[in-house]
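Down below is the structure, laid out as structure tokens.
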There are 2 protein chains.
Amino acid sequence: MNDTKPSAPIAAAVALFTIRERLEFLRLEGGQGRIPSAPLEEGETLEACARRALWEAASIEDVFLEQLYTFDGGRGHPRAIVAYYALAPHDRLRIGRTGVGWVDPTLAPTLVEEHQIIVGRACERLAGKLEYAPIAYQFLAERFTLGELQTVYEIIGRQTLDKRNFRRRIRASWDLVETRDARRGGPHRPARLYRLRDARPPWEE
Amino acid sequence: MNDTKPSAPIAAAVALFTIRERLEFLRLEGGQGRIPSAPLEEGETLEACARRALWEAASIEDVFLEQLYTFDGGRGHPRAIVAYYALAPHDRLRIGRTGVGWVDPTLAPTLVEEHQIIVGRACERLAGKLEYAPIAYQFLAERFTLGELQTVYEIIGRQTLDKRNFRRRIRASWDLVETRDARRGGPHRPARLYRLRDARPPWEE
DNA sequence: AGGCTTGGTGTCATTCATACACGAACGCTA
DNA sequence: TAGCGTTCGTGTATGAATGACACCAAGCCT
């Protein structure tokens with residue numbers, strides 16, 4: 001909860017991203033903004049520590065989580081901060097606490113400096129990884145439409161994409177399974193639902 | 001020197017690579033093999049700790065160094081191992097100690113398990129990064145020929161490359177400066193020397 | 001029934017990647 | 001000093017991948 005606790009020389013911090021209309025990250029309110037973090041406990045793995053930080057800050061569990069970078073802790077404790085980033089569909093996040101909010105990472109800094117740096121690096125990693133790894137679906141439900149997927153790319157990449165070229169690219173590089181169902185979502189033609197073959201729950205990645 | 005020292009909850013470990021005929025990494029002999037590592041000292045940055053590990057193990061300094069990943073330390077101390085990889089031209093390495101040697105990373109494992117994993121991940125990162133970042137020159141002198149550069153790619157990528165296509169690719173993606181000098185290296189036509197524009201010493205990257 | 005909205009599809013032009021061969025410049029040796 | 005062996009250095013032609021582009025389909029609403 002407090003990563004400057006003197007007895008904890010290592011802390012994990014997590015930048016959790018989700019997508020609503022824009023890309024947003026989870027920010028703990030109060031004083032200077034922070035992202036969830038926790039001191040590493042005895043016998044705990046770094047990843048478990050990061051997951052615990054999310055759980056304790058906002059009762060969030062079962063998200064895609066990947067290590068980002070390890071930063072010096074500045075003088076004093078913690079002496080190292082192992083930063084992670086996490087991705088999750090917004091509707092799976094039932095925030096169980098107050099005092100947390102969602103913030104657009106492109107807005108002016110609202111976090112203590114070391115956490116702001118983590119969020120910035122996480123955004124870069126996310127945009128970069130989108131180009132060569134199938135992770136965008138982590139923002140979506142298990143079954144998703146290609147239109148939803150394209151929206152994720154457009155939001156993170158901050159540019160609109162051509163629909164046909166996008167679909168060709170995704171079909172070529174992802175191993176998609178076309179389901180028999182469709183999503184009826186408004187006054188328009190229903191969209192076919194797909195899932196990633198062999199997609200396991202994101203917390204087992 | 002000994003990363004299991006009980007008083008040091010964090011250690012840095014470094015996989016140092018160089019190229020002679022093959023890609024090789026620095027291995028500390030004796031008992032089970034290890035790579036250089038050091039416990040993080042009070043007030044020391046993680047990178048400084050990694051450089052100190054190289055210095056203490058083999059009197060090596062001023063190499064390109066990049067953070068790789070942070071591993072759990074297993075039960076007990078250290079509780080986290082921050083792994084780095086380093087690159088250097090072989091002739092700049094004047095090994096000042098005995099008890100160290102160069103090993104082909106593709107050979108059967110000769111290291112304690114956690115260090116073997118670091119070397120494996122470093123190899124992957126290296127091969128991957130070669131594709132999109134100009135780092136191969138870290139294995140060469142400040143001025144180098146395109147033939148030397150191609151050899152680096154061929155060794156790390158484990159495949160021969162077409163000379164003309166390689167040169168076109170490098171010229172398009174690197175910012176090279178053609179010097180007026182050439183390398184006379186045998187009974188054949190001298191090769192033009194190039195340097196990377198704005199290349200700073202690798203330890204300032 | 002007609003209109004609005006998103007879903008879904010193919011072609012052509014351009015760019016990029018790959019395959020490929022020969023003369024040049026040097027050192028060595030006979 | 002002539003010839004040989006070696007690496008250096010260069011351009012083109014073909015196939016693959018990428019980027020631009022327009023229309024009908026299927027549903028909901030009024």
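Reminder, nothing fancy here: chain letters follow the sequence lines and each chain counts from 1.
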Whole angstrom value for the distance that separates C1' of C:dG8 from CG of A:Leu149: 15 Å
Euclidean distance, atom CG of residue A:Asp162 to atom P of C:dT11 [Å, nearest integer]: 16 Å
Under-4.0 Å salt bridge between A:Glu44 and B:Arg79: no
Atom-to-atom span, CG of A:Leu161 to C1' of D:dA20 - whole angstrom: 13 Å
Whole-Å distance separating the CD atom of B:Glu154 from the P atom of D:dT7: 12 Å
Donor + acceptor pair across side chains of A:Asp104, A:Thr106 (<3.5 Å): yes
Partner of A:Tyr194 by side-chain contact (heavy atoms from CB on, under 4.5 Å), out of A:Arg171, A:Arg143, A:Glu148: A:Arg171
Spacing between B:Ile170 atom CD1 and D:dG9 atom C1', to the nearest angstrom: 16 Å
Contacts of A:Asp62 that satisfy side-chain contact (heavy atoms from CB on, under 4.5 Å) - sequence neighbours left out: A:Trp203
Spacing of B:Phe166 atom CZ relative to C:dC20 atom C1', expressed in whole Å: 18 Å
Within residues 8-19 of chain A or reaching into it, pairs that qualify as side-chain hydrogen bond (donor to acceptor under 3.5 Å, both in side chains) - sequence neighbours excluded: none
Contact letters for nucleotides 21-30 of chain C, in which S counts primed atoms plus P, OP1 and OP2 and B counts the base, heavy atoms under 4.0 Å: B-BBBBS---
Pair B:Glu66, B:Tyr84: side-chain N/O donor-acceptor within cut-off below 3.5 Å: no
Under 3.5 Å donor-acceptor, A:Glu154 side chain and A:Leu161 backbone: yes
Touch class at under 4.0 angstrom, heavy-atom based, for B:Arg183 against every strand present: nothing
Whether B:Trp174 and B:Tyr137 hold their rings parallel, tilted or perpendicular, with breakpoints at 30° and 60°: perpendicular
Under the side-chain contact (heavy atoms from CB on, under 4.5 Å) test, residues paired with B:Glu29 that sit two or more places apart: B:Arg27
Cation-pi check, B:Arg195 onto B:Phe144 ring (under 6.0 Å, within 45° of axis): no
Atom CZ of B:Arg169 with >12 non-hydrogen neighbours under 6.0 angstrom: yes
Would you tabulate the nitrogen or oxygen pairs shorter than 3.5 Å linking the protein to nucleotides 17-19 of chain D?
unit_1: D:dG19; atom_1: N7; unit_2: A:Arg168; atom_2: NH2; d: 2.9
unit_1: D:dG19; atom_1: O6; unit_2: A:Arg168; atom_2: NH1; d: 3.1
unit_1: D:dG19; atom_1: O6; unit_2: A:Arg168; atom_2: NH2; d: 3.2

Between P of C:dG8 and CD of A:Gln150, the distance in whole Å: 11 Å
Angle of first-five versus last-five pair axes in the helix from C:dA1-D:dT30 to C:dA30-D:dT1, to 10 degrees: 0°
